[in-house]
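Just so you know, these numbers use all the heavy atoms, side chains as well, and skip hydrogens, waters and symmetry mates. Note that the structure is predicted; figures quoted are calculated from it, not measured.
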Amino acid sequence: MLILGITNPKGVKKYFAAAFPSACGKTNLAMLIPTIPGWKVETVGDDIAWMKFGEDGKLYAINPEAGFFGVAPYTSMETNPNAMLSCASNTIFTNTALTPDGDIWWEGIGTDIPTGSITGTTMFGIL
């Protein structure tokens, strides 16, 4: 469940929620950086949302997670530089390969898998 807050140049802010299947681009959309002057986009959540109607009849939502939760395959500096920059530190990777020099590799990152990489479903972290 993707939730975005979008503010127009006049300062009017609207929230948008969208439910899409896994690996369809929710995280990429959540990382949107507007190119039209005066517009602002804020991410409330890109993966899970808890939503309920308040006593005032308005719909409220929170993101119970901290951070972004994206699917790594075919994410690269060419396809999504914002995602690549966001995982440069304080990131936990799953279902990726650990390269001999301690870096992370996945399919579609933009390079061939380095010889000697360890593949599998072990969780690797970079701090």
Side-chain angles (χ1 to χ4, degrees):
M1 177 64 79
L2 164 74
I3 303 174
L4 292 177
I6 301 177
T7 306
N8 71 18
K10 294 180 180 179
V12 177
K13 186 174 190 176
K14 300 286 183 178
Y15 289 93
F16 297 86
F20 300 125
S22 180
C24 72
K26 289 184 304 291
T27 301
N28 293 354
L29 182 56
M31 294 182 171
L32 181 71
I33 296 175
T35 58
I36 302 171
W39 286 84
K40 182 178 179 181
V41 176
E42 298 169 276
T43 303
V44 176
D46 79 312
D47 190 49
I48 294 176
W50 292 345
M51 302 171 77
K52 74 174 201 171
F53 286 99
E55 291 182 15
D56 59 2
K58 292 182 181 179
L59 181 63
Y60 291 87
I62 64 166
N63 174 17
E65 302 171 316
F68 289 96
F69 295 82
V71 177
Y74 302 103
T75 300
S76 67
M77 285 301 287
E78 184 177 313
T79 63
N80 190 343
N82 294 335
M84 294 297 289
L85 294 171
S86 74
C87 68
S89 63
N90 301 315
T91 301
I92 296 172
F93 295 89
T94 61
N95 300 327
T96 59
L98 182 64
T99 64
D101 64 357
D103 203 357
I104 301 296
W105 181 92
W106 58 78
E107 187 176 15
I109 196 170
T111 61
D112 292 334
I113 188 168
T115 302
S117 295
I118 301 168
T119 60
T121 58
T122 305
M123 185 179 293
F124 301 103
I126 295 181
L127 297 177

Checklist outcome for this item: Of all heavy-atom pairs linking P114 and P100, the shortest is CB-CD, 4.2 Å

Residues 39-46, side-chain donor-acceptor partners within the protein, below 3.5 Å, at least two apart:
from, atom 1, to, atom 2, distance (Å)
E42, OE1, K13, NZ, 2.6
T43, OG1, A30, O, 2.4
D46, OD2, T27, OG1, 2.6
D46, OD2, F69, N, 3.3

Checklist entry - Taking all atoms of both residues into account, what is the closest heavy-atom pair of K26 and L2, and its distance? => result O-CD1, 3.8 Å

Checklist outcome for this item: Rounded to the nearest 0.5 angstrom, the CE-CE distance for M84 and M31 is 11.0 Å

Checklist entry - Taking only residues two or more places apart in sequence or in another chain, which ones pass side-chain contact (heavy atoms from CB on, under 4.5 Å) with I33? => result N82

Checklist entry - Given side chains that start at C-beta, do those of I104 and T91 come closer than 4.5 Å, heavy atoms only? => result no

Checklist entry - With sequence neighbours excluded, what pairs up with M51 under the side-chain contact (heavy atoms from CB on, under 4.5 Å) test? => result M1, A17, A49, L59, A61

Next on the checklist: For a quick test of reading the model, state the closest non-hydrogen atom pair linking G108 to S76 and the distance between them.
Outcome noted: O-CB, 3.6 Å

Next on the checklist: I'd like to check the side-chain hydrogen bond (donor to acceptor under 3.5 Å, both in side chains) partners of N63; sequence neighbours left out, ordered by chain and number.
Outcome noted: none

Item to check | side-chain contact (heavy atoms from CB on, under 4.5 Å) partners for K58, two or more places apart | outcome: D56, Y60

Checklist entry - Distance from S86 atom OG to N80 atom CG, nearest 0.5 Å? => result 7.5 Å

Checklist entry - With sequence neighbours left out, what residues match T7 under side-chain hydrogen bond (donor to acceptor under 3.5 Å, both in side chains)? => result none

Checklist entry - What pairs with W106 under ring-ring contact (aromatic ring centres under 6.0 Å, His included), at least two apart in sequence or on another chain? => result F93

Next on the checklist: Around atom CG of D101, are there more than 12 heavy atoms from other residues, nucleotides or ligands closer than 6.0 Å?
Outcome noted: yes

Checklist entry - Between the side chain of S117 and the main-chain N/O of T115, is any donor-acceptor distance below 3.5 Å? => result no

Next on the checklist: Going by side-chain contact (heavy atoms from CB on, under 4.5 Å), name the residues that satisfy it together with E107, two or more places apart in sequence or in a different chain.
Outcome noted: Y74, W105

Item to check | Heavy-atom pair of closest approach, residues T75 and A83 | outcome: CG2-CB, 3.9 Å

Checklist entry - Shared ILVMFWY cluster between Y15 and I62, side chains joined below 4.5 angstrom? => result no

Item to check | Which residues share a salt bridge (Lys or Arg N to Asp or Glu O under 4.0 Å) with K10, sequence neighbours left out | outcome: none

Checklist entry - Between L32 and I6, does a side chain to side chain contact (heavy atoms under 4.5 Å, CB included) hold up when you go through it step by step? => result CA-CA 10 Å; L32 181 71; I6 301 177; 5.6 Å; no

Checklist entry - Does any non-hydrogen side-chain atom of L85 lie less than 4.5 Å from one of M77? => result yes

